[in-house]
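Just below is one structure, and these are the notes that go with it.
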Amino acid sequence: MNFDALETWHREGFEQLTAFRDPRSGARGVLALHSTQLGPAFGGIRRWSYPDLGAAARDALRLARAMTYKCALADLPAGGGKVVLLDTPGVALPAQYEHVGDLVERLNGRYFAGPDVGAGEAELAAVRRRTRWVTDPGPDGPGELSAATATGVVHGIEAALEFLDGAADWPRRTIVVQGLGEVGARVAAQLRERGVRVLAADVDAVRAERVAAELGLELIDPAAQLDTPCDVFAPCALGGILHDVTLVRARCRVLAGSANNVLAAPEHGDRLHARGVLFVPDIAISSGALIRGATFALSGARTPLEQIGERVAAVVRNVLASAAARGEPPVRFAEREAQRRVELAGAVR
Ligand code: NAD
């Protein structure tokens with residue numbers, strides 16, 4: 001892939017891009033701070049097997065920017081950052097996370113590190129040995145983060161269905177949930193409680209069978225998820241699933257889920273819009289954990305799930321109505337509006 005990290009850093013106004021290598025622990029990765037105009041940056045630490053440092057930098061930059069935009073749309077006094085670590089076999093993990101802790105400590109509160117793929121409680125405990133600038137997913141923290149994301153997603157889907165049809169009308173709906181992990185399983189559970197017919201898939205067959213049996217889900221072939229006719233397709237697995245090849249397969253009326261950067265590029269939002277699919281931008285609907293985590297880190301307050309759901313629904317309603325009033329795809333409005341809010345904060349300072 002032809003990707004120039006420095007060019008993106010410069011063109012899109014990122015505050016910081018740091019590539020790091022620690023000879024002692026073997027840690028290699030990238031730290032990206034998109035913006036602290038609205039407040040300190042929040043974002044998880046992701047450990048993944050990237051093919052090279054360029055791919056890692058690309059992911060860090062996109063995810064950090066998404067975090068800034070989520071904060072701006074949710075009216076949080078916070079911005080976006082991200083650390084990605086190259087998953088290198090045979091390298092001791094605690095020492096790598098301690099090194100990340102040292103980097104975070106040097107930022108002195110400009111960035112709070114949090115959980116993500118490859119960074120759960122044990123890894124964050126290693127980061128915390130070196131710095132206090134960590135959002136805490138443990139029992140003394142803000143409350144379950146994945147539950148907050150799932151609750152936001154379900155309330156966001158409700159807002160989208162109301163926007164289209166005037167009512168969620170849950171018992172008449174068929175919803176496909178892609179991915180039955182921390183968020184997807186909770187989304188499926190909340191939808192089942194509302195009487196929705198849930199079709200689901202996970203590439204981890206053992207997990208899929210277990211969650212489906214527990215919740216009464218109908219399993220579908222992961223390879224055929226997108227082709228399945230449904231009211232809502234909820235991507236709760238990986239990002240980048242909608243691109244030139246896959247986009248034409250979508251058979252849903254609404255596309256809304258937790259996965260970050262669902263669209264390979266914003267143009268794919270335009271094309272979904274032209275095909276009559278209502279795409280709810282992930283920067284609007286997947287901010288539940290961020291709302292919970294950042295609010296706790298900045299003020300010590302624990303936000304109840306119901307409040308998170310209402311807050312995310314309000315963001316989604318605003319994005320959908322404002323985009324419709326302007327006759328543009330929701331993702332275009334959402335990104336521009338988020339950017340406008342960040343720039344405004346910079347100008348006010
Ligand atoms: P997770 O790793 O617990 O679950 C992801 C699941 O998706 C796994 O079970 C995996 O087997 C499955 N999967 C992967 N590829 C798939 C495919 N092609 N088809 C079907 N299933 C597939 O992750 P999570 O914490 O549940 O997060 C899900 C998504 O939501 C991620 O993209 C994450 O970045 C995003 N997100 C999560 C949170 C949170 O609070 N956890 C917050 C915001 C955004």
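Just so it is clear, the structure is predicted and the values come from calculations on it, not from any experiment. Whatever order the structure lists them in is the order used to number ligands and atoms, beginning at 1.
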Could you pull out every donor-acceptor pair under 3.5 Å between side chains of residues 222-242 and any protein atom, sequence neighbours left out?
residue : atom : partner : partner atom : Å
Gln225  : NE2  : Pro222  : O            : 2.6
Asp227  : OD1  : Arg249  : NE           : 2.9
Asp227  : OD2  : Arg249  : NE           : 3.4
Asp227  : OD2  : Arg249  : NH2          : 2.9
Thr228  : OG1  : Ala224  : O            : 2.9
Thr228  : OG1  : Gln225  : O            : 3.2
Asp231  : OD2  : Thr174  : N            : 2.7

Please list, one pair per line, the donor and acceptor atoms closer than 3.5 Å that link side chains of residues 310-319 to other protein atoms, with sequence neighbours excluded.
residue : atom : partner : partner atom : Å
Arg311  : NH2  : Ala74   : O            : 2.9
Asn318  : OD1  : Ser322  : OG           : 3.1

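- For CZ of Arg172, the number of neighbouring non-hydrogen atoms (other residues, nucleotides, ligands) closer than 6.0 Å is 12 at most.
- Considering only heavy atoms from C-beta on, Leu247 comes within 4.5 Å of Arg275 through its side chain.
- Around ligand 1 you find Arg46, Lys70, Leu145, Ser146, Thr149, Gln178, Gly179, Gly181, Glu182, Val183, Ala201, Asp202, Val203, Asp204, Arg207, Gln225, Cys236, Ala237, Ser258, Ala259, Asn260, Ser286, Ala289, each with a heavy-atom distance below 4.0 Å.
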Show the atom names and distances, to 0.1 Å, of all donor-acceptor pairs under 3.5 Å that link a side chain in residues 328-336 to residues at least two apart or in another chain.
residue : atom : partner : partner atom : Å
Glu328  : OE1  : Arg336  : NH1          : 3.0
Glu328  : OE2  : Arg336  : NH1          : 3.3
Glu328  : OE2  : Arg336  : NH2          : 2.8
Arg332  : NE   : Asp270  : OD1          : 3.0
Arg332  : NE   : Asp270  : OD2          : 3.3
Arg332  : NH2  : Asp270  : OD2          : 2.8

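- Summarising the local packing, NE2 of His243 is surrounded by more than 12 heavy atoms from other residues, nucleotides or ligands at distances under 6.0 Å.
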